[in-house]
Amino acid sequence: MSQGDLNAEYTQCLQDLSLASKILAHHGIVDGFGHVSCRDPRAPMDHYLLSRNLAPALVEPGDIVTWRISDAEPADPNSPHGFLERCIHSEIYRHFEDVQAVVHFHSPDILPFGLMPIPFKAVYHMASFIGSEASPIFDIGDAFGPGTDMLIRNTTHGAALASAFAPTAPSAPTRPLVLMRGHGATLTASSLKLAIFRAVYTQNNARVLTSLSALTGGAQNVALGARFLTAEECEAATASNAGQVTRAWDVWCTELGN
Ligand SMILES: [Zn+2]
């Protein structure tokens, strides 16, 4: 790819990250907090792109900063301040070379599933990427004791979270979504638009499970009686959804007025 093409792709990434941030806010997946990143197409193994410290709904292309994957520090030392939790992104990119985008969010819809072992599995085809096994829960207290402020503040915390996406070190996570006790969740994808798709349908999956729990008299009944998608259904539906990501992205952008 020529330098001109790379620069054009980089410019598009800035635009798309701004839109992605606003879509997440529009859907209530993030509020004043939470963030989305992607690799920098100009140096994908070394750098990633993430907003300066700013509420997602307010992120414009000019707010995006280039960060080093090696230590989550800015590529340009004169850059504005970043999110405290940017090590979430750097460590996932460092661990999994096939991950292209990361979303971290604190949605109250997802929080209950990180507090108790209520199985968070795919309940419908649009959320099939979640899989047929309960999503892993990262408990910062298990890794770093009972006195943290729950935040992923450094690369050691980030590496511990990244390891929850896969027990070993494959190029891609074995589980694309990790719930975080008392904090929220983080998910990964092979593209920025797919990451947003997954965030929206993770939220919907959580809402369906909560509704089902209310209808059936409790989460225990859901765990015992719900007919979650099978592993084969998850795989087939995820393949079908792969061709529909842009359709969803386009309508979500339109809802923003773009
Ligand atoms: Zn957080």
Side-chain angles (χ1 to χ4, degrees), residues 8-9 11-30 34-39 41 44 49 56-57 59 89 92-93 96-105 107 109-110 113 120-135 165 170-179 184-212 226-258:
E9 189 175 344
T11 301
Q12 186 64 51
C13 281
L14 302 185
Q15 180 71 27
D16 286 348
L17 276 171
S18 168
L19 291 169
S21 297
K22 292 174 181 177
I23 291 169
L24 292 173
H26 184 76
H27 285 261
I29 297 165
V30 297
H35 20 86
V36 52
S37 71
C38 68
R39 287 187 188 267
L49 304 172
V59 172
H89 303 259
I92 288 174
Y93 293 128
F96 306 109
E97 61 184 30
D98 289 348
V99 170
Q100 296 296 324
V102 175
V103 178
H104 172 65
F105 53 108
S107 163
D109 291 304
I110 198 79
F113 302 94
F120 193 73
K121 311 176 189 179
V123 299
Y124 77 139
H125 61 115
M126 301 305 289
S128 56
F129 86 98
I130 293 169
S132 61
E133 301 291 330
S135 294
F165 286 82
S171 62
T174 51
R175 302 303 302 271
L177 170 71
V178 170
L179 311 178
T186 300
L187 63 81
T188 64
S190 57
S191 75
L192 178 58
K193 292 180 182 178
L194 181 59
I196 300 307
F197 184 96
R198 288 179 168 183
V200 170
Y201 289 109
T202 293
Q203 171 118 313
N204 287 358
N205 200 79
R207 289 174 175 173
V208 172
L209 273 172
T210 300
S211 297
L212 188 60
R227 293 189 63 191
F228 294 96
L229 269 65
T230 67
E232 293 80 6
E233 288 168 341
C234 286
E235 184 176 353
T238 299
S240 295
N241 289 341
Q244 303 300 322
V245 172
T246 301
R247 168 173 158 174
W249 171 269
D250 287 346
V251 75
W252 293 333
C253 287
T254 301
E255 289 169 356
L256 299 174
N258 290 283

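Positions are given from 1, in the same order as the sequence printed here. Nothing here was measured: the structure is a model prediction, and the numbers come from that model.
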Just to verify, what does Glu235 make a side chain to side chain donor-acceptor pair (under 3.5 Å) with, not counting sequence neighbours?
none
Quick one: pull up CD1 in Ile130 and CG in Asn205 and give me the separation to the nearest 0.5 Å.
4.0 Å
For His26 against Leu256, the heavy-atom pair lying closest together
CB-CD2, 3.8 Å
Hits for side chain to side chain donor-acceptor pair (under 3.5 Å) against Thr202, two or more places apart or cross-chain, chain-then-number order -> none
Distance from Ser37 atom OG to Leu17 atom CG, nearest 0.5 Å?
7.5 Å
Distance in Å, Leu14 CG paired with Ser18 OG, rounded so as to fall on 0.5 Å steps:
9.0 Å
Under 3.5 Å: donor-acceptor pair, side chain of Ser107, backbone of Val30:
no
Any chance you could measure Ile196, atom CD1, to Ile29, atom CD1, to the nearest 0.5 Å?
7.5 Å
From Ser191 atom OG to Gln100 atom CD, the distance as rounded to the nearest 0.5 Å
8.5 Å
Any idea which heavy atoms bring Ala195 and Ala101 closest together, and the distance?
CB-CB, 3.9 Å
Hits for ring pair (Phe, Tyr, Trp, His ring centres under 6.0 Å) against Phe113, two or more places apart or cross-chain, chain-then-number order -> Phe120
Smallest heavy-atom separation, Pro56 atom then Gly34 atom, equals CG-O, 3.2 Å
Is the shortest side-chain heavy-atom distance between Val36 and Leu192 below 4.5 Å?
yes
Given side chains that start at C-beta, do those of Arg39 and Tyr93 come closer than 4.5 Å, heavy atoms only?
yes
Does the side chain of Phe228 come within less than 4.5 Å of Val123's, by heavy atoms?
yes
Checking Cys234 now: which residues fulfil side-chain contact (heavy atoms from CB on, under 4.5 Å) with it, not counting sequence neighbours?
Ala122, Ser128, Ser132, Leu229
Gln203 side-chain N/O to His27 backbone N/O, donor-acceptor pair under 3.5 Å:
yes
Which residues pass the side-chain contact (heavy atoms from CB on, under 4.5 Å) test with Ser211, not counting sequence neighbours?
none
With Pro173, the side chain to side chain contact (heavy atoms under 4.5 Å, CB included) member among Val99, Leu187, Val178:
Val99
Report the residues that fulfil side-chain contact (heavy atoms from CB on, under 4.5 Å) with Thr11, sequence neighbours left out, ordered by chain and then residue number.
none
Taking salt bridge (charged side-chain N to carboxylate O under 4.0 Å, His left out) as the cut-off, I'd like each qualifying pair that reaches into residues 191-211, sequence neighbours left out, listed once.
Asp109-Arg207
Note, Leu24 side chain near Phe105 side chain (heavy atom, < 4.5 Å)
no
Which residues pass the side chain to side chain donor-acceptor pair (under 3.5 Å) test with Thr210, sequence neighbours left out?
none
Quick one: ring pair (Phe, Tyr, Trp, His ring centres under 6.0 Å) partners of Phe197, sequence neighbours excluded?
Tyr201
A side-chain contact here means heavy atoms from C-beta on lying under 4.5 Å apart; do Val102 and Phe96 qualify?
no
Holding to side chain to side chain donor-acceptor pair (under 3.5 Å), I want the full list of residues that pass it with His35, two or more places apart in sequence or in another chain.
His89
Could you list the residues that satisfy ring pair (Phe, Tyr, Trp, His ring centres under 6.0 Å) with Phe129, not counting sequence neighbours?
none
Residues 239-246, side-chain donor-acceptor partners within the protein, below 3.5 Å, at least two apart:
residue : atom : partner : partner atom : Å
Ser240  : OG   : Ala236  : O            : 3.3
Asn241  : ND2  : His125  : O            : 2.9
Asn241  : ND2  : Ala237  : O            : 3.4

His104 NE2 to Thr188 OG1 distance, which is reported to the nearest 0.5 Å:
14.0 Å
